[in-house]
J.: 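After the structure tokens below, expect a handful of questions from me.
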Amino acid sequence: MSAISVLTVLRRRAIPQQHALGIGLLIVGLWLCVALFAPWLAPFDPITQDATASLLPPGGAHLFGTDNFGRDIFSRVLWGARVDLQICLLGVIFPFLLGTTLGALSGYLGGAVDALIMRIIDIVLAFPFLVLMLAIIAILGPGLGSFYIAMAMVGWVSYARLVRAQVLTLKQRDFVLAARSLGYGHARILFRHLLPNAMTGALVFSMSDCVLVLLNGAAVSYLGLGVQPPTAEWGVMVAEGQSFITTAWWITTFPGLAIVLLAMGFSLLADGLGDKLGARV
């Protein structure tokens with residue numbers, strides 16, 4: 001069972017379905033506030049080292065303790081929210097835009113265009129998601145820019161399939177036939193009438209996709225291919241603390257809990273939006 005499936009099962013057992021949207025908005029909103037006000041909330045600089053405060057346990061001036069370089073874990077978790085929320089946003093928006101556009105064109109135009117796009121989707125799906133993404137990052141070089149490119153090149157296929165299926169259904173509806181009878185062009189019918197009605201499933205899926213992007217971003221950073229030290233990022237922090245897991249558990253525990261909590265928030269948002277909009281993905 002994948003990490004996303006485990007989060008979904010735990011969430012559905014612990015939180016009533018009717019409260020999912022509100023609680024999800026609250027969790028994600030709190031993390032957005034943390035990211036926005038991190039310079040004022042963090043008691044210490046997240047990258048300043050202090051050899052005299054190395055590996056201090058939680059308590060006192062260092063609420064979450066310190067790492068092996070004497071950096072305050074609490075401050076690094078707060079600043080890391082900025083990077084990880086950026087990863088969620090940019091790691092979803094590029095595949096979303098690319099996938100919805102190609103999916104809409106595929107479903108509306110059909111024929112050779114549809115066949116070509118669907119064959120490309122089949123090729124991408126033939127490879128494991130994470131393996132293909134890591135291969136692209138390895139070719140382009142470590143860094144967030146490479147991560148965003150890899151996510152766009154691999155992640156667009158899910159959005160394309162969702163939007164294509166909706167467009168194939170909607171283009172037979174009366175409002176599309178009426179638009180054609182009024183002489184509207186293909187671009188107007190597709191982007192002003194079809195696409196806005198076909199994006200509901202893709203919007204709901206984008207919230208679930210934020211969980212996948214967050215976990216993949218942390219995994220890539222953990223492997224040294226994403227965010228580079230000394231930048232405060234939760235995956236980097238987990239990687240840096242793995243050598244001290246038995247003696248300084250707090251180095252990996254608190255950023256790990258931050259990842260789980262933010263992922264839970266996006267999962268709740270996805271379920272809540274799916275109920276409100278009548279779309280399940």
Side-chain angles (χ1 to χ4, degrees), residues 4 8 17-29 32 85-122 124-125 129 148-149 151-214 265-281:
I4 296 177
T8 302
Q17 190 71 27
Q18 62 270 25
H19 301 317
L21 181 60
I23 297 175
L25 284 172
L26 177 62
I27 294 173
V28 175
L32 286 171
L85 282 170
Q86 174 192 314
I87 288 173
C88 289
L89 175 62
L90 298 183
V92 166
I93 194 170
F94 295 134
F96 177 87
L97 294 175
L98 179 61
T100 53
T101 301
L102 291 177
L105 291 172
S106 177
Y108 183 74
L109 297 177
V113 174
D114 183 38
L116 175 62
I117 293 175
M118 292 307 295
R119 296 297 76 75
I120 295 174
I121 290 176
D122 290 339
V124 174
L125 291 177
F129 185 96
Y148 296 142
I149 293 173
M151 284 300 307
M153 293 177 65
V154 180
W156 66 273
V157 296
S158 298
Y159 295 100
R161 295 174 71 188
L162 283 170
V163 173
R164 174 183 178 272
Q166 288 295 312
V167 170
L168 285 173
T169 301
L170 291 172
K171 73 177 184 179
Q172 306 299 328
R173 297 283 182 87
D174 291 341
F175 72 92
V176 177
L177 299 177
R180 287 174 179 165
S181 67
L182 291 172
Y184 292 162
H186 293 302
R188 178 169 180 173
I189 293 174
L190 178 58
F191 293 105
R192 292 192 59 182
H193 298 279
L194 275 175
L195 194 54
N197 290 287
M199 288 178 59
T200 302
L203 287 171
V204 173
F205 179 76
S206 68
M207 294 295 101
S208 295
D209 200 28
C210 284
V211 181
L212 177 65
V213 172
L214 175 64
F266 281 119
S267 178
L268 288 165
L269 270 181
D271 268 10
L273 281 176
D275 289 339
K276 293 292 183 181
L277 299 177
R280 308 297 294 177
V281 294

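Any value given below was found using the heavy atoms of this structure, including those in side chains, with hydrogens, waters and symmetry copies removed.
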J.: Decide side-chain contact (heavy atoms from CB on, under 4.5 Å) for L269 and L25; before the verdict, give the C-alpha distance in whole Å, the side-chain angles of both, and the deciding distance to 0.1 Å.
T.: CA-CA 6 Å; L269 270 181; L25 284 172; 3.5 Å; yes
J.: Quick check for you: to the nearest 0.5 Å, what is the distance between L21 atom CG and L26 atom CG?
T.: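 One gets 11.0 Å once the value is rounded to the nearest 0.5 Å.
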J.: F175 vs H193 aromatic rings, parallel, tilted or perpendicular, using cut-offs 30° and 60°?
T.: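 Aromatic pair F175/H193 classed tilted.
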J.: Of all the heavy-atom pairs spanning C210 and C88, show the shortest one and how long it is.
T.: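 In terms of heavy atoms, the two residues are closest at O-SG, 3.8 Å.
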J.: Would a 4.5 Å heavy-atom cut-off, applied to side chains only, mark Q166 and T200 as touching?
T.: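 No, every pair of side-chain atoms sits at 4.5 Å or beyond.
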J.: As a test of understanding, state which of N197, L194, L162, L105 forms a side chain to side chain contact (heavy atoms under 4.5 Å, CB included) with V167.
T.: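 In the set N197, L194, L162, L105, the residue that makes a side chain to side chain contact (heavy atoms under 4.5 Å, CB included) with V167 is L194.
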J.: To check you understand the geometry: which heavy-atom pair defines the closest contact between T100 and A202, and what is its length?
T.: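 Reported closest heavy-atom pair: CG2-CB, 4.1 Å.
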J.: Measure across Y108 and R180 and return the closest heavy-atom pair with its distance rounded to 0.1 Å.
T.: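 Shortest heavy-atom contact: CE1-NH2, 3.7 Å.
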J.: I need the minimum non-hydrogen distance between V163 and A104, along with the two atoms involved.
T.: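 Here V163 and A104 meet closest at CG1-N, 3.7 Å.
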J.: Does any part of the side chain of W156, heavy atoms only, come nearer than 4.5 Å to the side chain of I120, both counted from C-beta?
T.: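 Counting from C-beta outward, I120 and W156 do come under 4.5 Å.
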J.: Using side-chain contact (heavy atoms from CB on, under 4.5 Å), reason through D209 and F96 one step at a time and then give a plain yes or no.
T.: CA-CA 10 Å; D209 200 28; F96 177 87; over 6 Å; no
J.: At what distance, to the nearest 0.5 angstrom, does OG1 of T169 lie from NZ of K171?
T.: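 One gets 10.0 Å once the value is rounded to the nearest 0.5 Å.
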J.: So, applying side chain to side chain contact (heavy atoms under 4.5 Å, CB included) with Y159, which one of L98, V92, T101 is it?
T.: V92
J.: Check whether any side-chain N or O of S206 sits under 3.5 Å from a backbone N or O of L203 as a donor-acceptor pair, and report yes or no.
T.: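 Yes, the answer is positive, given that a donor and an acceptor are paired below the 3.5 Å cut-off.
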J.: Would you compute the distance between atom CE of M118 and atom CG of L125 and round it to the nearest 0.5 angstrom?
T.: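 M118 atom CE to L125 atom CG measures 8.5 Å (nearest 0.5 Å).
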J.: Which distance, rounded to the nearest 0.5 Å, do you find between the CZ of R164 and the CD1 of I117?
T.: 9.0 Å
J.: Can you tell me how far apart CZ (F129) and CE (M151) are? Round to the nearest 0.5 Å.
T.: 4.0 Å
J.: Between A270 and V204, what is the shortest heavy-atom contact and its length?
T.: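 In terms of heavy atoms, the two residues are closest at O-CG1, 3.5 Å.
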J.: Say you draw a straight line from CD1 of I93 to OH of Y148; how long is it, rounded to the nearest 0.5 Å?
T.: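 Separation between the atoms: 11.5 Å.
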